[in-house]
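The chains referred to below are lettered A, B, ... by the order of the sequence lines, with proteins before strands, and numbering in each begins at 1. Note that the structure is predicted; figures quoted are calculated from it, not measured. Basis for what follows: all heavy atoms, side chains included, without hydrogens, waters or symmetry-related copies.
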Number of protein chains: 2
Amino acid sequence: MLSLHQLTCFLATYEHGSLTAAAEELGYAQPSVSEQIRGLEKSLGVPLFRRVGRGVVPTTVADTLRPHAERVLAAVDDAQRAVQSAKSFETGTIRFGMFGTARLYAGAGLVADVLSRYPGVRVELIGQNSTDVQEDLRRGRIEAAMIAVPTVGSEGLDVTPVARDELVYISADPTHLESPVGASRLAQAALVMPETTWRADDSTRKVLRQMLLETGRNPQTRIEVEDVETAVELVGMGYADSVIPKGAALQLLPRLAPKAGWVSMRPRQYDMFAVVHRAGATLSPAARLMIELATKRIQEIADPIRPRGSG
Amino acid sequence: MLSLHQLTCFLATYEHGSLTAAAEELGYAQPSVSEQIRGLEKSLGVPLFRRVGRGVVPTTVADTLRPHAERVLAAVDDAQRAVQSAKSFETGTIRFGMFGTARLYAGAGLVADVLSRYPGVRVELIGQNSTDVQEDLRRGRIEAAMIAVPTVGSEGLDVTPVARDELVYISADPTHLESPVGASRLAQAALVMPETTWRADDSTRKVLRQMLLETGRNPQTRIEVEDVETAVELVGMGYADSVIPKGAALQLLPRLAPKAGWVSMRPRQYDMFAVVHRAGATLSPAARLMIELATKRIQEIADPIRPRGSG
DNA sequence: GGAAACCATAGGGATAACCTAGGGTTGTGG
DNA sequence: CCACAACCCTAGGTTATCCCTATGGTTTCC
């Protein structure tokens with residue numbers, strides 16, 4: 001089998017017209033280069049140099065081989081350069097998982113952060129929902145993610161909470177906002193809730209379900225939609241009220257439901273954002289970068305949870 | 001140092017998403033592939049696969065590397081193929097068909113051209129006449145040939161005209177050369193004509209037959225010989241006149257018939273030289289070389305016909 | 001919970017890479 | 001014409017690499 005080392009020796013020999021000179025250039029002893037050339041000739045089945053008196057002379061086959069050999073070594077060089085630049089984030093792709101409402105806090109801004117620091121990279125923020133993201137994590141398609149917890153089945157995953165965000169009650173009816181909303185009023189409310197497809201796993205709904213179950217009531221929703229924006233718009237039109245993270249409310253209400261407002265729950269309820277990755281994994285620099293930037297973004301909007309504290 | 005073997009293992013692993021499957025494809029034991037990948041990761045300084053439960057998952061750096069690795073291996077493949085086809089010039093035999101008067105233009109010189117470039121090669125210039133050559137082409141005994149056209153039955157053959165040569169009237173009698181020779185004088189002349197055996201297919205004779213038939217006369221020849229040299233010698237001795245391609249006349253008259261001269265026909269008549277090979281065939285480098293050299297030789301003597309032009 | 005799939009590690013044998021030392025051949029200079 | 005210098009080749013030994021089998025640790029799936 002042909003090897004890069006043989007091609008390197010071949011080119012050096014071709015250019016110098018001498019095994020000794022080639023060996024000197026490459027930092028080997030002359031017999032080593034000689035052996036490489038012989039091996040190459042053997043594996044190709046053709047003599048590449050005629051051994052004449054002083055020095056060696058390339059055959060026509062060597063003439064043919066030379067540009068190809070150069071192309072091979074150039075391709076190898078390109079490959080190494082590409083990897084090195086990807087390693088240092090000059091090029092390449094950075095992939096990060098991000099679920100649900102987290103994208104409202106850190107989506108576009110996070111991508112902007114990465115691109116401003118590493119203009120050459122491609123950024124992929126993937127994941128429609130926490131189940132998807134967990135599956136991607138387990139299969140190794142993504143290395144780390146920022147998701148909302150509590151979430152189902154986190155066995156085998158390291159979950160590091162980084163921020164919490166208060167869940168607030170939003171409504172277009174000012175009378176609904178005069179005082180904090182407790183379980184009883186929540187149970188009677190007509191609600192529009194997002195994340196229909198993933199309703200069983202949605203973290204906000206889990207919090208609400210628990211709040212209601214603790215007081216023996218059943219949750220009900222009048223409208224089911226997929227995305228938070230639609231829910232907020234419906235609230236703005238007065239069709240229903242909703243419960244969403246405060247950060248989302250502050251961001252979306254002015255834009256999508258200018259007449260609506262918000263009020264806290266009683267007791268206050270929280271959504272938790274956490275960094276998640278496979279247990280025991282050593283994170284790549286890219287993953288660490290994304291975690292750092294995403295955490296920063298989210299903590300600017302939601303309440304930070306410091307590594308030692310628990311909430 | 002990075003090696004081709006590592007890249008091969010890398011690609012197999014990337015495609016299968018599994019070291020075991022890659023090892024099986026490559027015919028190695030699994031730890032061997034594992035070792036190659038580890039070596040590659042070490043020499044690049046970057047993990048290429050995340051070891052994840054069942055199988056391995058490429059990192060984004062691996063995504064970056066893959067097309068480059070493919071390019072490298074493709075370049076190696078090209079190099080080997082190039083060498084293998086060039087090898088035939090060193091040790092093999094180059095066989096080329098060449099008919100009739102074409103050998104006067106390109107015979108010995110053509111062989112010399114090949115041998116000066118490829119000293120180790122054997123050269124066979126074969127073919128006594130166009131019928132022979134066509135048969136050899138059809139049977140695959142020769143790959144390509146340079147022949148004189150028009151010729152019979154060229155179905156299944158690609159015919160590429162490369163040059164034309166004027167047919168001139170040669171004579172040892174100066175009075176015969178005072179003006180261009182038309183059909184009437186040609187019909188009355190005592191001629192010596194070569195290529196007796198193949199007289200029906202000989203291109204020069206075909207041209208003359210047509211010229212005479214158009215004016216309602218019959219061709220006649222006084223002497224029939226096999227080769228042009230003998231015909232020219234007889235012309236030199238004054239036994240007869242002849243009609244041969246101008247290139248042959250310029251080459252043979254001074255040597256074989258110093259007292260003879262030549263004059264054009266009226267209207268001017270031409271022999272056509274063409275490269276012929278099986279229709280749709282992919283020509284070997286050896287055949288392409290011979291075509292190139294033969295074309296060059298002939299075009300130095302006869303009028304070139306460029307690919308686009310027709311006359 | 002156990003079997004199956006898969007990767008990592010360990011250890012050993014074959015091969016290849018590389019070195020130093022010395023011999024043979026071809027130009028070159030006295 | 002002879003000696004020297006420049007090269008390449010061969011020989012033999014050491015070290016590193018390649019590749020194997022055997023085995024242990026995880027994860028996945030039934």
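Taking side-chain N and O atoms only, A:Q36 has a distance below 4.0 Å to OP1 or OP2 of C:dC18. In terms of phosphate contacts, A:H5 brings a side-chain nitrogen or oxygen within less than 4.0 Å of OP1 or OP2 of C:dC18.
Side chains of A:T230 and A:D227: a donor on one and an acceptor on the other come within 3.5 Å. For the residue pair A:R38 / A:S34, a side-chain donor-acceptor distance below 3.5 Å is found, with atom types taken as modelled. Using a 3.5 Å distance cut-off with no hydrogens or angles, the side chains of A:Q299 and A:K296 do not pair a donor with an acceptor. Between A:H277 and A:E143, the side chains place no donor N or O within less than 3.5 Å of an acceptor N or O (distance only, hydrogens not considered).
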Exercise. Going through the distances and angles, do A:Y270 and A:D303 end up as a side chain to side chain donor-acceptor pair (under 3.5 Å)?
Worked result: CA-CA 10 Å; A:Y270 296 93; A:D303 303 336; 5.3 Å; no
Problem set entry | Step-by-step side-chain contact (heavy atoms from CB on, under 4.5 Å) determination, A:S32 to A:E35 | CA-CA 5 Å; A:S32 303; A:E35 187 176 347; 5.6 Å; no
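The separation between A:H16 atom NE2 and D:dC7 atom C1' is 15 Å, rounded to whole Å. In this structure, the NZ atom of B:K42 is 12 Å from the C1' atom of D:dT17, given to the nearest Å. Computed from coordinates, the B:Y28 OH to D:dT17 C1' distance equals 13 Å when rounded to whole Å. When rounded to the nearest whole Å, the span between CD of A:E24 and P of D:dA6 equals 12 Å. If you take CE of B:M1 and P of C:dA16, they are 19 Å apart, rounded to a whole angstrom. Rounding to whole angstrom units, CZ of residue A:R50 and P of D:dC7 are separated by 19 Å. Straight-line distance from the CD atom of B:E41 to the C1' atom of C:dA8: 13 Å, rounded to whole Å. Atom CD1 in B:I37 sits about 15 Å away from atom C1' in D:dC18, given to the nearest Å.
Heavy atoms of A:G140 sit nowhere under 4.0 angstrom from any nucleic acid atom.
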For this session: Do nucleotides 8-15 of chain D as a string where each nucleotide becomes B, S or -: B if the base has a protein heavy atom under 4.0 Å, S if just the sugar-phosphate does, - if no protein is that close.
Result: BBB-----
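Along DNA chain D, the nucleotide nearest to A:R278 and the one nearest to B:Q6 differ in position, and the one closer to the 5' end is contacted by B:Q6.
Taking the six-membered ring for Trp and the full ring otherwise, B:H68 and B:F10 have centroids separated by 6.0 Å or more.
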